[in-house]
Amino acid sequence: MDDIENYTSGNVPEQETQNTPIQDNQDIPQNETVDIDSTVNDNTINNNNTVPDNNSYTAYQDFMYGYEPPAPDINSGIRKRKNTSGEKFIIFLFIAIILLAVGLSIYGITTDIYNSQKVIDDIKQQHHVVMYKQTKPNGANDLSNFVDENGKYTIEGVSAYVKNSIVEIYTYTDKTRRQMSGTGSGVVISEDGYIVTNAHVLNADGFHAIHTADDKVYDARIIGRDSKTDIAVIKVDNANLVPAVLGNSDEAIVGEQVIAVGNPAGLSNTVTDGIISAVNRKIRSDSTGFEMNCIQTNADISPGNSGGALVNMYGQVIGITSSKYVSSSFEGLGFAITINDALPIIEELIDTGFVGGRFRIGIQLIDMASEEKIIMIESELGFEIPEDFGGVYIDAISEDCDIANTDLKAGDFITEIDGTPIMTYDELYDNISSKYGAGDTVPAKCAHVEKNGKVTYYDIKFKLMEDTSGDY
């Protein structure tokens with residue numbers, strides 16, 4: 001065993017070797033050295049030239065054919081190098097730099113937070129917006145500065161001049177005045193409380209009140225109304241009102257500057273300005289078809305302006321604005337009933353409460369004067385009218401008129417008056433007024449149109465009523 005240890009430690013005796021291989025179970029001569037394998041590289045078994053005993057030999061075989069010695073420690077011969085003083089200094093310097101950088105960062109952040117408010121204040125001071133506010137010069141709002149030596153006002157002047165003569169009208173359905181049904185405008189025309197407005201602003205069976213520019217409210221009563229012309233008069237008692245100055249509408253010229261004053265959407269004393277676009281326009285009311293002489297203007301006239309005033313730059317009312325005399329197809333087209341045409345109606349309404357000499361049929365109608373109106377009729381019916389059919393469509397019938405006692409029903413048509421075909425309001429009115437008056441009996445042909453296009457004709461006779469109600 002000692003020999004094997006000597007072999008493994010590299011202490012091989014120097015002696016000749018034989019190349020005779022060793023066979024299993026072969027006797028090995030004593031005192032001879034045996035060449036075990038060519039890979040042993042001439043190393044001998046032991047230094048004493050003796051054959052090991054069986055145990056030693058078995059260990060030897062295990063070594064040669066299965067035993068692997070442990071790998072040598074490659075670091076066993078390496079000495080650990082100690083850090084020099086220079087390297088320690090570099091490491092210390094690196095750590096010091098890192099600590100210094102961290103410290104400076106913390107200091108900078110702390111300083112920024114501490115000084116942030118001051119910086120913000122400085123920025124605000126640098127970007128401060130300077131605004132200038134001034135008042136008008138002394139006397140700038142003096143009414144005398146808005147009128148020239150000829151009595152012509154600026155827009156500011158005429159607005160201030162007429163505002164106290166324009167009132168807002170409230171219409172109620174009950175006597176307690178809790179249920180409001182609409183509002184409109186009115187023009188004060190006398191010191192004793194007469195006010196002109198549009199007939200459609202009022203309710204014949206309703207209750208009314210006015211709201212003045214100085215924020216006072218007064219009860220008002222209807223003096224007279226005429227739906228055909230859309231003119232009406234109401235009166236307020238025991239009120240100190242400022243009447244407007246009425247002008248001469250025949251003096252109006254195209255291009256003349258005007259203002260419209262009213263109360264659209266309940267916004268009291270709203271002023272819009274424009275010019276006179278045209279004069280002597282014959283415009284029909286979209287509710288009655290009655291024609292009136294109007295002034296065309298591009299000043300905005302909204303529904304709440306109805307009954308308000310069209311005023312020239314001399315402060316004179318030259319027209320009564322009405323949303324019923326409008327163009328539904330185009331913007332910027334407003335109309336006012338000329339004061340010269342309205343004044344005789346106003347005076348008669350004050351004197352008698354109605355316009356005399358007029359007859360009343362007792363119907364509301366839509367004629368076939370345009371494609372637009374035909375579409376309206378077809379919309380009411382719910383189907384198309386036959387192409388070769390013509391007449392005036394009856395939208396409603398007044399129960400207090402004689403025509404309500406005939407076979408004519410709402411939804412039917414009047415096609416002829418005394419044998420003459422009619423399709424428009426003018427044809428209806430002209431054929432009646434040329435031959436008949438209040439109290440006369442008028443023959444007419446009527447028609448009922450069914451959805452399948454079938455037309456059933458029938459004849460009626462009705463008595464004309466005297467128009468004292470103001471209704472159509």
Side-chain angles (χ1 to χ4, degrees), residues 147-155 157-159 161-163 165-166 185-191 194-199 224-233 242-262 271-286 288-301 305-327 332-351 355-358 426 429:
V147 59
D148 61 20
E149 62 277 6
N150 297 318
K152 185 176 182 179
Y153 289 94
T154 62
I155 293 177
V158 71
S159 299
Y161 182 76
V162 301
K163 72 174 184 178
S165 301
I166 309 300
S185 305
V187 181
V188 180
I189 57 175
S190 70
E191 292 181 354
Y194 284 97
I195 299 169
V196 62
T197 184
N198 288 148
R225 54 190 295 273
D226 182 50
S227 295
K228 289 182 179 178
T229 59
D230 201 26
I231 297 294
V233 176
V242 179
V245 176
L246 305 182
N248 182 359
S249 55
D250 290 341
E251 296 175 343
I253 60 175
V254 175
E256 182 178 355
Q257 191 173 21
V258 291
I259 65 169
V261 188
V271 175
T272 57
D273 71 314
I275 61 170
I276 294 176
S277 303
V279 296
N280 298 321
R281 293 292 197 196
K282 302 296 183 182
I283 306 298
R284 297 187 184 279
S285 168
D286 63 0
T288 65
F290 195 82
E291 186 177 80
M292 289 291 287
N293 193 28
C294 296
I295 296 172
Q296 179 184 332
T297 179
N298 65 341
D300 290 335
I301 298 176
N305 283 102
S306 293
L310 187 70
V311 186
N312 63 21
M313 303 313 289
Y314 295 91
Q316 301 166 346
V317 176
I318 58 174
I320 304 300
T321 58
S322 174
S323 65
K324 293 297 181 180
Y325 293 91
V326 297
S327 173
L333 294 179
F335 297 94
I337 302 169
T338 62
I339 197 65
N340 287 7
D341 280 48
L343 195 55
I345 299 171
I346 294 170
E347 292 172 342
E348 192 166 0
L349 290 175
I350 292 174
D351 291 340
V355 177
R358 290 181 177 170
D426 283 345
Y429 185 81

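Note that the structure is a prediction, hence the values are computed from the model and not measured. In what follows, every heavy atom counts, from backbone to side chain, and hydrogens, waters and symmetry copies are set aside.
- Not a single ring-ring contact (aromatic ring centres under 6.0 Å, His included) links Tyr194 to another residue, sequence neighbours left out.
- Rounding to the nearest 0.5 Å places CD1 of Ile295 at 11.0 Å from OG of Ser277.
- For residues 309-318, every residue pair satisfying the side chain to side chain donor-acceptor pair (under 3.5 Å) rule, not counting sequence neighbours, is listed here: Asn312-Gln316.
- The NZ atom of Lys228 lies 12.5 Å from the CE atom of Met292; values are rounded to the nearest 0.5 Å.
- The side chain to side chain contact (heavy atoms under 4.5 Å, CB included) test with Ile337 is passed by exactly one of Val196, Ile345, Ile231: Ile231.
- If you take CD1 on Ile189 and CD on Glu347, they are separated by 8.5 Å, rounding to the nearest 0.5 Å.
- Between Glu256 and Glu251, the shortest heavy-atom distance links the atoms OE1-O, 4.2 Å.
- Residues satisfying the side-chain hydrogen bond (donor to acceptor under 3.5 Å, both in side chains) test with Thr321, not counting sequence neighbours, are none.
- Only one option out of Val311, Ile166, Leu310 pairs with Val187 in a side chain to side chain contact (heavy atoms under 4.5 Å, CB included); it is Ile166.
- With sequence neighbours excluded, the residues satisfying side-chain hydrogen bond (donor to acceptor under 3.5 Å, both in side chains) with Asn340 are Asn248, Ser249, Asp250.
- A donor-acceptor contact shorter than 3.5 Å is absent between the side chain of Ser306 and the backbone of Ser322.
- Minimum interatomic distance between Ile318 and Ala252 (heavy atoms only, all atoms of both residues): CD1-CB, 4.4 Å.
- Legend: residues meeting side-chain hydrogen bond (donor to acceptor under 3.5 Å, both in side chains) with Thr338, ordered by chain and number and at least two apart, are Asp341.
- With values rounded to the nearest 0.5 angstrom, Asp273 atom CG is found 8.0 Å from Asn298 atom CG.
- Considering all non-hydrogen atoms of both residues, Ile339 and Gly247 come closest at CG2-O, 3.3 Å.
- Scanning both residues, Val271 and Ser159, for their nearest heavy atoms gives CG1-OG, 3.5 Å.
- Inter-residue side-chain proximity for Val261 and Lys163 is flagged as unmet; no heavy-atom pair is nearer than 4.5 Å.
- Atom OG of Ser185 is separated from atom CD1 of Ile195 by 11.0 Å, given to the nearest 0.5 angstrom.
- Residue Arg225 comes nearest to Leu349 through the heavy atom pair N-CD2, 3.7 Å, listed as atom of the first residue, atom of the second, then distance.
- The CG atom of Asn293 sits 11.0 Å away from atom CZ of Arg281, with the distance rounded to the nearest 0.5 Å.
- Looking only at side-chain heavy atoms (C-beta outward), Lys152 and Val158 stay at 4.5 Å or farther from each other.
- Taking 4.5 Å as the limit, some side-chain heavy atom of Gln257 sits within range of a side-chain heavy atom of Ile155.
- Gly274 and Ala299 get closest at one heavy-atom pair: N-CB, 4.0 Å.
- When the side-chain hydrogen bond (donor to acceptor under 3.5 Å, both in side chains) test is applied to Glu348, no partner is found at least two apart in sequence or on another chain.
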